[in-house]
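Naming convention: chains lettered A, B, ... in sequence-line order (proteins, then strands); numbering from 1 in each chain.
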There are 4 protein chains.
Amino acid sequence: MSPPFPSSQKANPDDRRTLKTMKLWREKQGRDARVDEYTAGNDPVLDLELVPYDCLASIAHARMLRAAKVISAGETLALEKELRTIMSAARAGRFKIRPEEEDGHTAIENRLVRRLGGSGKKIHTARSRNDQVLVALRLYSRDKLDETRTALARLVETLNRLGKTYRSARMPGYTHARKAMPYSVGRYFRAFADALKDDLALIASARRLNDQNPLGTAAGYGVPLAIDRELTTRLLGFRKTQRNALYTQNSRGKFEAVILFVLSQVMLDLQRLAHDLILFSMDEFGFFILPERFCTGSSIMPQKKNPDVLELVRASLAVVHSGYFRVMEILKGLPSGYHRDLQLTKEPLILGFKHTLKTIGIVDLVLGELRVDKGKCRRACTEEVYAAEQVYRLVGKGIAFRDAYRKISRLY
Amino acid sequence: MSPPFPSSQKANPDDRRTLKTMKLWREKQGRDARVDEYTAGNDPVLDLELVPYDCLASIAHARMLRAAKVISAGETLALEKELRTIMSAARAGRFKIRPEEEDGHTAIENRLVRRLGGSGKKIHTARSRNDQVLVALRLYSRDKLDETRTALARLVETLNRLGKTYRSARMPGYTHARKAMPYSVGRYFRAFADALKDDLALIASARRLNDQNPLGTAAGYGVPLAIDRELTTRLLGFRKTQRNALYTQNSRGKFEAVILFVLSQVMLDLQRLAHDLILFSMDEFGFFILPERFCTGSSIMPQKKNPDVLELVRASLAVVHSGYFRVMEILKGLPSGYHRDLQLTKEPLILGFKHTLKTIGIVDLVLGELRVDKGKCRRACTEEVYAAEQVYRLVGKGIAFRDAYRKISRLY
Amino acid sequence: MSPPFPSSQKANPDDRRTLKTMKLWREKQGRDARVDEYTAGNDPVLDLELVPYDCLASIAHARMLRAAKVISAGETLALEKELRTIMSAARAGRFKIRPEEEDGHTAIENRLVRRLGGSGKKIHTARSRNDQVLVALRLYSRDKLDETRTALARLVETLNRLGKTYRSARMPGYTHARKAMPYSVGRYFRAFADALKDDLALIASARRLNDQNPLGTAAGYGVPLAIDRELTTRLLGFRKTQRNALYTQNSRGKFEAVILFVLSQVMLDLQRLAHDLILFSMDEFGFFILPERFCTGSSIMPQKKNPDVLELVRASLAVVHSGYFRVMEILKGLPSGYHRDLQLTKEPLILGFKHTLKTIGIVDLVLGELRVDKGKCRRACTEEVYAAEQVYRLVGKGIAFRDAYRKISRLY
Amino acid sequence: MSPPFPSSQKANPDDRRTLKTMKLWREKQGRDARVDEYTAGNDPVLDLELVPYDCLASIAHARMLRAAKVISAGETLALEKELRTIMSAARAGRFKIRPEEEDGHTAIENRLVRRLGGSGKKIHTARSRNDQVLVALRLYSRDKLDETRTALARLVETLNRLGKTYRSARMPGYTHARKAMPYSVGRYFRAFADALKDDLALIASARRLNDQNPLGTAAGYGVPLAIDRELTTRLLGFRKTQRNALYTQNSRGKFEAVILFVLSQVMLDLQRLAHDLILFSMDEFGFFILPERFCTGSSIMPQKKNPDVLELVRASLAVVHSGYFRVMEILKGLPSGYHRDLQLTKEPLILGFKHTLKTIGIVDLVLGELRVDKGKCRRACTEEVYAAEQVYRLVGKGIAFRDAYRKISRLY
């Protein structure tokens with residue numbers, strides 16, 4: 001049985017020349033340059049992150065087209081080879097996206113056409129730029145979520161190590177910013193280990209949600225061609241195929257919001273830790289000492305050793321969380337289906353991952369060298385910190401809790 | 001061996017009288033009434049939702065105190081009976097919280113002391129108001145998350161039923177608010193079923209996170225008394241005990257944020273559906289018809305049939321999501337440990353659940369009676385909607401996709 | 001010349017009976033009760049705040065109708081008298097809005113029709129509920145902005161008084177939460193006086209923006225009747241008439257956002273003051289002492305004197321600011337013209353004003369009794385606080401600033 | 001009388017070499033490179049915008065130091081000359097900030113020291129980097145607010161011109177996304193002119209707030225040197241001197257929030273216009289026609305002419321407004337005085353201005369070429385749009401409004 005789509009077509013050398021900077025859609029005459037610049041935005045820069053993932057997805061797509069007999073075995077091989085070359089170039093920082101190409105997806109197709117001619121022109125069969133962007137974002141996010149998980153797990157270990165080291169070091173616990181009851185420095189650090197463990201579970205949820213294959217849904221309404229979506233799902237290692245084509249488009253932005261929310265939860269915990277460390281390393285407390293090589297000076301006060309690095313960790317919640325906010329505000333009020341508005345959700349996602357990873361790393365670094373002044377911690381446990389224990393001594397003698405409490409409260 | 005804590009103490013009738021409106025902490029003379037009013041806020045109203053859950057947790061706590069030999073079997077029985085009475089009263093709307101009692105937790109303890117004397121004064125042994133509030137909130141949230149899940153699952157069914165009914169009804173799919181390709185009305189509805197199914201998974205994550213027992217961590221630094229926390233975990237059906245006492249306090253607000261985020265995701269999908277239905281039921285489209293008994297009129301234009309109910313669904317994202325925002329803004333910049341700021345996270349949580357549940361119900365109601373004008377849907381699939389199909393016909397004849405695309409694009 | 005609109009029509013007693021609970025639009029049979037409840041929301045409660053302002057605007061509207069010869073002098077008088085009665089009742093808390101009336105505007109018209117018959121039925125001539133709500137909100141907001149300004153001006157005075165009292169009391173100034181240079185307690189308080197003075201200018205801007213008369217724009221497209229909009233502008237004391245009818249509708253929500261933003265700026269400054277006072281009244285600093293009658297105790301730790309009132313002030317930014325966020329999120333993605341979504345901007349506005357006013361009052365109260373421990377403040381100015389002064393002594397001896405700085409920095 | 005500070009000190013050539021990349025504070029050995037990279041962030045890039053404004057402020061500062069006799073006339077001249085050279089270089093894109101210099105302020109001082117030796121080392125007398133950054137930001141913001149005002153005024157003119165051109169072109173007005181009453185295309189455009197005029201007033205408020213001179217407040221606690229702050233206020237053209245040194249620091253971020261809020265109001269109006277234009281240029285309406293050279297195609301559907309440019313305008317609210325959100329979230333929970341957290345408010349401010357200016361320009365461009373299909377607008381005014389007019393005809397015949405309304409409503 002002969003293949004339904006002959007794939008012997010030869011590349012036309014003319015095409016290679018004229019298509020150098022073609023967009024993925026046919027341009028009409030007289031496009032306004034200012035509009036082009038406005039619509040491209042900083043995609044040419046941001047997309048450098050996504051190029052390797054687009055290549056990966058394109059390889060899977062090519063194999064699927066081969067299985068569907070849209071392209072030949074030879075074409076598949078050539079496409080795959082060229083895509084791997086682009087992937088390496090991109091990873092080495094040597095792949096460029098020209099502003100007039102709009103984005104990375106166009107740059108890749110242009111290069112395929114330039115190098116391979118006809119086969120390059122077939123790679124877009126049975127897909128749209130919409131699902132192409134989606135699949136690249138999903139693969140990228142999966143990788144970055146895994147990196148985040150690994151970095152966070154390392155930080156949990158660091159905190160648990162501190163928890164063990166300072167298990168029996170006593171420090172006052174505070175409520176309402178007032179000394180409350182005695183606690184342990186070790187358990188203080190473990191509080192953050194436990195918080196981040198809950199965040200790891202949230203990251204796992206986001207990863208699971210994200211792990212759905214959108215490729216083959218095209219612009220949100222499928223393609224009039226019999227394709228094997230399960231094949232690309234398997235090849236790309238997705239947990240499942242995202243079946244409904246319209247929902248696949250509608251989930252653009254939604255998944256980004258979920259991811260940015262989860263990263264914000266990590267940052268929420270780290271900003272609290274940073275805030276605590278800034279407070280407790282003040283001379284007025286002196287519980288923690290931040291090594292000088294992590295401190296910053298003042299341009300006017302020569303005595304200053306400022307905890308700038310921790311202050312920036314504290315502010316980092318806002319960097320990531322404002323990205324979440326941006327995505328949600330973009331989504332509000334959009335009807336179903338793809339809208340170009342969604343392009344502007346890419347930047348907060350990429351910056352959110354970068355900033356979170358950098359911040360986790362820096363906190364790990366700081367904690368690794370943080371010093372605890374056990375003497376100051378212990379001496380800060382002044383008498384009133386034991387008032388609740390006094391109550392419980394009376395309770396042990398048979399006095400009802402509320403009566404014991406009232407008795408002791410008269411002493412303060 | 002005799003019990004370490006005698007529990008025979010008799011109630012002192014004087015106490016009953018003087019303690020009528022006692023706060024849970026010893027008040028100094030001359031409290032400022034305006035401060036009292038400011039600090040109580042609307043807790044006396046909001047806490048009515050939480051009273052049954054506090055009673056439940058208090059029963060578990062009493063049984064644990066019995067096991068720890070802090071109270072006798074008789075006292076446990078009396079406390080449990082009285083707590084069940086309060087629970088019923090609260091569920092029937094007959095339990096009142098006096099403004100001078102500050103909150104529901106105080107109102108319950110006051111009533112226990114009034115009715116039972118000494119045993120009432122012992123119920124607060126080995127706990128603080130902090131973990132008491134936390135455990136009530138966790139039980140309340142678990143219930144409400146389950147209610148939300150049930151309501152949402154019902155809505156998914158409604159959508160799937162519509163999906164089945166209109167499977168073969170054709171309508172145009174839109175991208176960029178422009179007709180794109182042919183789609184099906186059934187698949188349109190299924191897009192939302194799939195979105196809500198992803199939300200159900202998010203709800204399950206939030207439920208799992210929330211399902212940790214905080215009882216016994218007291219004010220965030222434990223209690224100087226050997227207690228069996230696993231016992232209350234079992235009695236209250238929690239998945240696990242939240243071990244670190246400081247993290248338990250630090251997770252106040254954080255868990256609320258996670259829950260409100262998840263509810264916001266539900267509302268995000270429903271606002272999109274509402275927005276679509278408002279648009280597609282305009283005369284200019286006419287795809288959907290909202291029954292008149294769901295429409296609202298104008299005070300000046302007698303012809304109007306307005307989709308107010310859908311407009312309010314659309315706005316509801318902001319109602320729930322601003323609650324998320326409030327919680328996150330409260331948390332930012334707070335050091336570790338309990339702060340009274342956290343009291344103000346209770347209202348957005350309770351209102352968030354109420355509004356989400358009401359909105360899911362109303363959407364289900366509307367969808368149940370929504371009518372589809374299949375003729376208008378079909379006729380809206382005008383010629384250009386099939387342009388991509390034209391391209392694929394050429395692809396089928398062996399023309400490379402990009403060349404076929406360019407050929408057809410010249411027709412438009 | 002005879003008047004174009006005869007106004008002699010008599011009230012029909014039947015109408016009075018049947019219209020008792022009429023909505024402002026003609027209802028069709030079989031309205032769904034759940035939809036009614038969902039759409040009314042808590043308008044019946046919130047609108048009690050607006051009723052007096054609606055009456056005021058209705059009186060101006062009646063006089064304008066009289067000038068336009070739509071109603072007679074007698075009818076105007078009767079309407080005005082009845083509206084004044086309602087206004088007093090509302091101010092005394094004796095005006096009720098029945099749930100089935102939807103909102104305050106309907107309740108007022110129903111009452112006018114019940115009492116006055118035909119004249120009541122004419123009051124809605126040349127207006128729509130849309131501009132009726134708008135004008136009531138503008139009058140309400142103007143009043144509340146003035147109240148806020150007055151309360152804030154009083155607080156500025158309190159702060160300036162503290163500034164004067166503690167002008168020469170020395171305390172350390174902090175940067176990066178580290179002692180920086182010597183400062184004065186008085187100037188510390190003046191910092192907040194100056195912040196609030198800038199807020200007063202923002203309030204004035206919001207007031208000016210709000211001070212535009214929307215009455216007469218009806219549903220956003222005017223009315224087919226010659227009316228004198230300048231007359232109601234004069235009668236209601238507005239700065240100007242908001243001319244463009246569509247923009248008048250589009251400004252619903254926008255003006256609320258501006259107001260809530262400005263109130264949030266006040267709360268931003270107050271939360272910073274509260275945060276400072278909580279910190280500086282810790283035992284570790286001891287600069288400020290919060291009188292015990294403003295402190296709150298713990299249910300478990302008898303020694304505690306917690307600054308709950310200040311913690312709630314700190315959290316109050318989020319209460320008001322989440323209202324701003326809600327309004328902005330509602331507006332995003334709405335096309336021009338009125339949408340029912342806007343109803344849900346009313347609650348954050350009213351609660352925002354209430355909470356801001358309450359918080360300004362409570363801060364004023366606390367500051368009035370706050371005590372300063374001048375000795376502790378002075379002793380906290382330890383040697384390193386004077387390092388910059390040492391630098392400047394060298395500068396005074398002719399050493400370049402940067403060289404002097406480096407010389408002194410070696411000492412630390 | 002001899003000057004109190006001799007200014008004859010010669011530059012030490014050694015210093016020039018060793019100080020090449022000095023930070024403004026004395027570094028200790030063994031700084032961690034990762035910390036340096038984390039704390040510098042993207043200041044080296046962002047600060048390029050601020051360099052010219054820092055130079056301007058430094059010139060004024062030098063003149064003030066001359067008046068205070070800290071530096072000689074010759075030194076002042078040399079500093080001013082060099083600063084003007086830097087300013088020109090920066091404006092021409094030829095000034096570089098090395099990553100190890102941290103920021104633009106350090107880069108400028110380093111260059112002054114390299115070129116001028118001793119005088120360069122004196123420029124930082126009587127100021128801190130804190131007020132140096134503040135004054136540069138204020139001058140920058142003043143310029144950008146003026147640019148925004150100019151661009152916006154131009155857009156108002158464009159809209160008014162459209163208002164005039166289409167004054168008598170009839171189109172239906174919509175409420176609740178349903179045809180309501182007849183309106184005019186001209187008045188439609190004027191609605192946005194009026195909205196932007198209100199925004200111009202908000203911009204003026206922000207400009208006035210921003211127009212306060214912070215220079216001379218140093219790190220928030222002044223300098224121990226008699227300086228003439230009014231002189232720099234006059235030289236830099238500020239409206240007034242911001243007197244309280246601590247408030248000056250506390251206003252960092254606050255002013256940025258006000259500016260970003262005001263820019264967000266502009267974007268709020270433009271996103272609504274964009275949303276309308278996208279809707280009304282759908283084939284289903286056809287009121288407006290977006291010229292093809294502003295449209296974008298699809299990679300899969302050859303017929304598509306997508307309004308991407310308008311979609312990106314719509315999404316731009318979120319770009320600017322998430323910057324506002326970031327600033328506010330950073331500020332929440334910070335005690336008084338400078339904190340490094342504030343560094344991260346710089347990026348949203350600069351990007352906010354850039355994006356707003358770009359978007360205003362693009363909207364002006366699009367409106368300049370937008371076409372109105374007057375025939376379609378007119379024909380869309382179908383019969384029911386005149387229902388309110390029918391009511392008023394009955395009112396004209398003496399029927400009470402409410403009765404007339406009910407009569408006509410029976411027809412629909």
Does either side chain, that of D:Ser409 or that of B:Lys304, offer a donor lying less than 3.5 Å from an acceptor on the other one?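 There is no such pair (donor and acceptor under 3.5 Å, judged by atom type) between the side chains of D:Ser409 and B:Lys304.
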Find the one option among [options] whose heavy-atom pairs under 4.5 Å with chain B are most numerous.
options	answer
D:Ile330, D:Leu310, D:Asp341, D:Asn306	D:Asn306
D:Met328, D:Gln390, D:His176	D:His176
D:Ala388, D:Ala387, D:Ala380, D:Pro335	D:Ala387

Could you report the tightest heavy-atom contact between [X] and [Y], atom names first, then the distance?
X	Y	value
D:Met282	B:Arg178	CG-NH1, 3.3 Å
B:Lys179	D:Glu284	CE-OE2, 3.2 Å
B:Tyr392	D:Ile300	OH-CD1, 4.3 Å

Quick check on [X] against chain B: is it the side chain, the backbone, both or neither that has a heavy atom closer than 4.5 Å?
X	value
D:Leu279	side chain
D:Glu311	side chain
D:Thr382	neither

Main-chain N/O of D:Glu384 paired to B:Gln303 side chain as donor or acceptor, under 3.5 Å: yes
Short question: side chain of D:Tyr412, backbone of B:Lys305 - any donor-acceptor pair under 3.5 Å?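 Checking the backbone N and O of B:Lys305 against the side chain of D:Tyr412, no donor-acceptor pair under 3.5 Å is found.
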Among B:Asp283, B:Asp308, B:Val391, which has the most heavy-atom pairs under 4.5 Å with chain D?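 The answer is B:Asp308.
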Which one, B:Met181, B:Met301, B:Glu389, leads in non-hydrogen pairs under 4.5 Å with chain D?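 Ranked by contacts with chain D, first place is B:Met301.
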Evaluate the ring planes of B:Phe325 and D:Phe325, with Trp represented by its six-membered ring, and classify them as parallel (under 30°), tilted (30 to 60°) or perpendicular (over 60°).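 Tilted, since the angle between the ring planes falls between 30° and 60°.
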